[in-house]
Student: 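Sending over a structure as structure tokens; questions will come in a sec.
We're numbering straight along the sequence, starting at 1. Just follow the structure's listing: the first ligand is 1, and inside any ligand the first atom is 1.
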Amino acid sequence: MIESFIQIFLLFLLLPSSICQLPLDALTPDRPIRDGDVLVSNKQIFALGFFSPGNSQHRYAGVWYNNIPEKAIVWVANRDNPVNDSYGVLSINGDGGLVIHGKDPSTPLWSANVTLSSPNNFTAKLLDTGNLVLLENSSQRVVWEGFDYPSDTLLPFMKIGLNQRSGLEKHLTSWKSKDDPGTGSCTYGIDPMGVPQLFVRKGRDALFRVGPWTGDRLSGTVGNYNSSFVNNEDEISFVYFPALRPQIARVVIDESGILQTFAWNDQWIKSYSYPTRWCDSYGQCGPNTNCDPDKDYKLACTCLPGFESKSPSLGLGEGACIRKAEVSTCQNGEGFVKVARVNIPDSSTARVNLSMSLEQCKQKCLMDCSCTAYTSADDRGGGIGCVTWQGDLIDTKTFSHVGQDLYVRVDATFLAQYAKSSGSLSKKARVAISLGSVTVFILLLTLYWLVRMKMKGKRRQNKCSFELTAGSTYFEEATSGLILDDSRINSELLLFHLNTVATATNNFSIENKLGEGGFGSVYKGMLYDGKEIAVKRLSKFSSQGVEEFKNEVLLIAKLQHRNLVKILGCCFEDEEKILIYEYLPNKSLDSFIFNEPKRALLSWTRRFEIILGIARGLLYLHEDSRLRIIHRDLKASNVLLDNSLNPKIADFGMARIFRGEQTEANTNHVVGTYGYMSPEYAMKGLFSIKSDVYSFGILLLEIITGKKNAGSFEKDPYSNLIGHVWELWKEGRAVEIIDSSIGESYLVSEIIRCIQIALLCVQEFAIDRPTMSVVVSMLSNDVAFTSPKRPAFLLKSMSPSGEPSSNKRVSSINDVTCTIVEAR
Ligand SMILES: *[C@@H]1O[C@H](CO)[C@@H](O)[C@H](O)[C@H]1NC(C)=O
Ligand SMILES: *[C@@H]1O[C@H](CO)[C@@H](O)[C@H](O)[C@H]1NC(C)=O
Ligand SMILES: *[C@@H]1O[C@H](CO)[C@@H](O)[C@H](O)[C@H]1NC(C)=O
Ligand SMILES: *[C@@H]1O[C@H](CO)[C@@H](O)[C@H](O)[C@H]1NC(C)=O
Ligand SMILES: *[C@@H]1O[C@H](CO)[C@@H](O)[C@H](O)[C@H]1NC(C)=O
Ligand SMILES: *[C@@H]1O[C@H](CO)[C@@H](O)[C@H](O)[C@H]1NC(C)=O
């Protein structure tokens with residue numbers, strides 16, 4: 001947190017040094033650094049001096065954070081040649097530039113290997129980035145820098161990669177052990193072969209892979225950092241820096257080859273660590289496979305389209321997938337099948353041409369019989385440039401959040417089967433249904449015709465509905481982007497027969513009713529195979545609900561995330577419009593947090609996991625690489641809990657899609673729930689991702705306090721929870737608001753941090769509120785954050801009904817009807 005940084009800084013300023021000598025700000029020929037001296041950077045962020053790591057008796061010259069008591073060494077000079085005594089000296093020297101020696105000055109232990117003709121004209125300085133530089137006095141030209149010789153730590157602004165002119169290659173190398181910073185066996189650096197990507201290796205073996213660069217990030221990575229990748233004649237390099245300043249962060253490769261990201265927040269917090277999941281390890285499933293990290297490892301491996309497993313042990317990573325011997329993929333009617341959202345295969349053998357379009361890329365790959373797959377080189381703007389592979393495809397992984405689409409060459413037979421299962425769908429696009437299960441195929445085919453006839457009839461009557469469906473590019477995307485990938489096959493939308501749904505719900509009996517949703521009732525049902533479902537039946541009389549209903553089908557069919565509720569199918573028959581969801585036995589979050597006995601079941605750890613899950617689900621909606629979706633009605637009753645109490649965001653009836661650069665929209669049809677609506681939305685109809693962030697903040701406070709925002713504090717001047725929390729926060733009494741049934745085992749500081757995040761989310765001005773990616777980082781302790789400004793208080797008088805405590809949905813009458821996609 002910023003306060004603690006400032007405190008540390010102040011502390012430092014007041015007590016200039018805990019070491020006997022004043023720190024130096026420059027190293028000159030007549031003022032070397034002896035063991036015991038420290039050289040500090042201008043803003044006193046980093047320090048350089050001699051140290052002994054762990055239990056070692058040896059002395060090394062290195063760089064660490066000056067103000068952080070828990071010493072983290074970020075760079076070591078003489079890592080392989082320590083000084084054995086306490087007479088170590090680092091000095092400027094004509095022969096070597098910078099030199100370290102022990103008691104005997106005639107045997108240098110380490111040198112920068114530069115020759116200085118007039119050493120007196122040179123100075124060495126430690127920069128505020130942690131970089132030790134050797135400068136020529138008058139020109140300030142850097143003749144040598146420590147960042148060219150990284151140790152085990154990647155600091156912000158430190159480049160790793162290859163200088164194509166000088167041949168200098170910069171990579172991280174692990175220490176030998178905690179006590180020995182000597183050159184270890186694991187490295188992290190850029191592999192310039194093919195399309196450059198980053199590799200962690202142990203010796204020569206690849207442990208895992210990051211990248212390649214796909215325009216604005218490394219393929220398959222998330223994280224709240226800015227980075228840049230340069231690939232030209234001069235250099236191939238990667239550099240990262242935190243998106244938020246100030247931040248003290250570092251990436252370290254440890255002795256076993258694990259990459260860890262640390263950020264300072266009163267202590268060193270490990271925010272990420274790779275590899276963490278089974279699929280992360282290089283080539284885990286063998287050639288021509290796709291590894292899905294969200295699945296149990298036994299099921300994680302699947303063959304890429306057109307390939308077949310040659311051994312049953314595929315799931316254990318031993319098998320490989322091959323093409324059937326008799327199939328031909330050369331000038332024999334072959335084509336490509338899209339595998340959506342993956343971390344693309346090892347690109348060290350791939351070829352790239354940045355000036356091609358994706359269509360040209362396809363043609364190029366098609367013409368070349370050895371080309372096995374292609375994708376775009378730059379994922380931005382719908383994909384530009386062309387990457388093609390020859391031969392086996394290694395280390396493909398599903399990355400549903402930030403992956404890229406890969407097009408894999410398949411033979412004519414496979415292509416025909418694929419087209420059959422997906423191609424016919426484009427016609428059916430009008431109802432946004434994907435057919436998947438072969439077992440019900442025949443039944444569905446019949447239904448399909450029935451529905452199609454119906455839709456045709458409808459179209460004639462209802463022009464608006466036709467335009468909506470045909471005019472929406474999103475609509476096409478939702479159906480033509482059908483994925484042939486095991487994880488998706490199970491989750492494809494099914495078209496249910498009304499009879500099936502009626503039987504499953506005991507004819508929509510009152511006993512089966514779970515509740516009254518936004519635009520209709522929700523029932524519990526059981527299919528004949530015993531599978532439990534939740535059925536949302538749109539009210540027949542709600543004409544306005546039809547659009548929302550369609551919207552929800554379209555949206556949710558497209559979305560796949562563990563923190564979003566899963567739709568199984570739908571039913572359009574007679575006047576009925578029905579959605580079928582997975583059934584979540586634990587119902588919604590509000591049935592827990594606002595219920596005295598059940599609330600106690602949610603320990604702080606559990607609540608924190610729920611908070612994080614909701615945040616991740618919302619982040620997926622907001623920053624999904626193609627669509628920006630605003631939920632607009634996030635609240636406790638729209639968060640469902642599964643068997644293991646994992647949260648799933650539900651009810652997309654009011655969600656809106658933003659495209660491209662659009663960040664804000666206006667509507668005169670304000671929908672949502674009082675108590676959760678941001679002021680700019682409630683008052684001006686303005687909504688953006690920040691209005692969801694506001695709702696998230698409210699939800700966060702409700703989870704922490706076990707109280708409803710609206711109507712909990714009738715006597716309080718602000719009559720709501722935020723007002724109450726804000727008053728306590730200002731007085732430093734925020735602890736008092738924590739739900740007493742939360743149990744004993746929690747870190748007060750962690751809850752306070754969450755309250756702070758919540759207050760940041762509910763700040764009055766949308767611009768001040770963090771984005772969900774920042775919220776997720778803040779929750780996982782990745783970033784420093786600020787003090788919240790005054791939150792927005794929705795006062796009683798703002799509610800048109802005069803009842804702020806009622807969780808009533810509101811909508812104005814002058815509604816625009818055709819609003820499935822508000823693309824402006
Ligand atoms: C330091 O000690 C080690 C082992 O004790 C020895 O091998 C090495 O030569 C010594 N180095 C110097 C500079 O004395
Ligand atoms: C300087 O040269 C020596 C011998 O070639 C080498 O071992 C050492 O790593 C070099 N030092 C740096 C900082 O490059
Ligand atoms: C170079 O700069 C350093 C520090 O700024 C100074 O101490 C030194 O005298 C300068 N050398 C010459 C030759 O001017
Ligand atoms: C060193 O610096 C001095 C003073 O700035 C200058 O006169 C002299 O030419 C420099 N020497 C070299 C070799 O650059
Ligand atoms: C990081 O990226 C964001 C968005 O592209 C930009 O607004 C911000 O200025 C960048 N930060 C730095 C330090 O470059
Ligand atoms: C890249 O593609 C363009 C357009 O098809 C072509 O003119 C150019 O020669 C290609 N470059 C390379 C290096 O193959």
Student: For atom 14 (O) of ligand 3, which of N137, N121, T28 has the closest heavy atom?
Tutor: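 Looking at heavy atoms only, N137 sits closest to atom 14 (O) of ligand 3.
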
Student: Please check if a non-hydrogen protein atom sits closer than 4.0 Å to atom 7 (O) of ligand 6.
Tutor: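 Under 4.0 Å from atom 7 (O) of ligand 6, zero protein heavy atoms found.
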
Student: Among R209, H171, R201, find the one that has a side chain to side chain donor-acceptor pair (under 3.5 Å) with D191.
Tutor: R201

Student: Just which atoms of ligand 6 are under 4.0 Å from any heavy atom in S355?
Tutor: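 Listed by number with element: 1 (C), 2 (O), 3 (C).
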
Student: Ring centroid separation for Y282 and F199, is it under 6.0 angstrom?
Tutor: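 Centroid separation for Y282 and F199: below 6.0 Å.
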
Student: Does the protein place a non-hydrogen atom closer than 4.0 angstrom to atom 11 (N) of ligand 6?
Tutor: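 Yes.
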
Student: For atom 1 (C) of ligand 6, which protein heavy atom lies nearest, and how many Å away is it?
Tutor: N353 ND2, 1.4 Å

Student: Classify the angle between the aromatic ring planes of F229 and F238 as parallel (below 30°), tilted (30 to 60°) or perpendicular (above 60°).
Tutor: tilted

Student: I'd like to know if atom 4 (C) of ligand 2 has any protein heavy atom within a distance of less than 4.0 Å.
Tutor: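 Under the 4.0 Å cut-off, atom 4 (C) of ligand 2 has no protein heavy-atom neighbours at all.
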
Student: Which ligand 3 atoms does T123 reach within 4.0 Å, using its non-hydrogen atoms?
Tutor: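 In order of number, 1 (C), 2 (O), 3 (C), 4 (C).
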
Student: What residue and heavy atom of the protein are closest to atom 9 (O) of ligand 2, and at what distance?
Tutor: N113 ND2, 4.7 Å

Student: So, 4.0 Å and heavy atoms of Q360: is ligand 6 close enough to count as a contact?
Tutor: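 No, Q360 has no heavy atoms under 4.0 Å from ligand 6.
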
Student: Is S111 in polar range of ligand 2, meaning some N or O pair under 3.5 Å apart?
Tutor: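 S111 vs ligand 2: N/O contact under 3.5 Å present.
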
Student: Once you measure the plane-to-plane angle for Y60 and H58, does it fall in the parallel (<30°), tilted (30-60°) or perpendicular (>60°) bin?
Tutor: perpendicular

Student: Is it true that the NZ or CZ of R351 lies under 6.0 Å from the centre of W389's six-membered ring and within 45 degrees of the ring axis?
Tutor: no

Student: Can any side-chain N or O of S118 pair as donor or acceptor with the backbone N or O of N121 at less than 3.5 Å?
Tutor: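 No; zero donor-acceptor contacts below 3.5 Å.
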
Student: For E255 and K176, work out which heavy atoms get closest and say how close.
Tutor: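 For E255 versus K176, the nearest heavy atoms are CG-O, 3.5 Å.
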
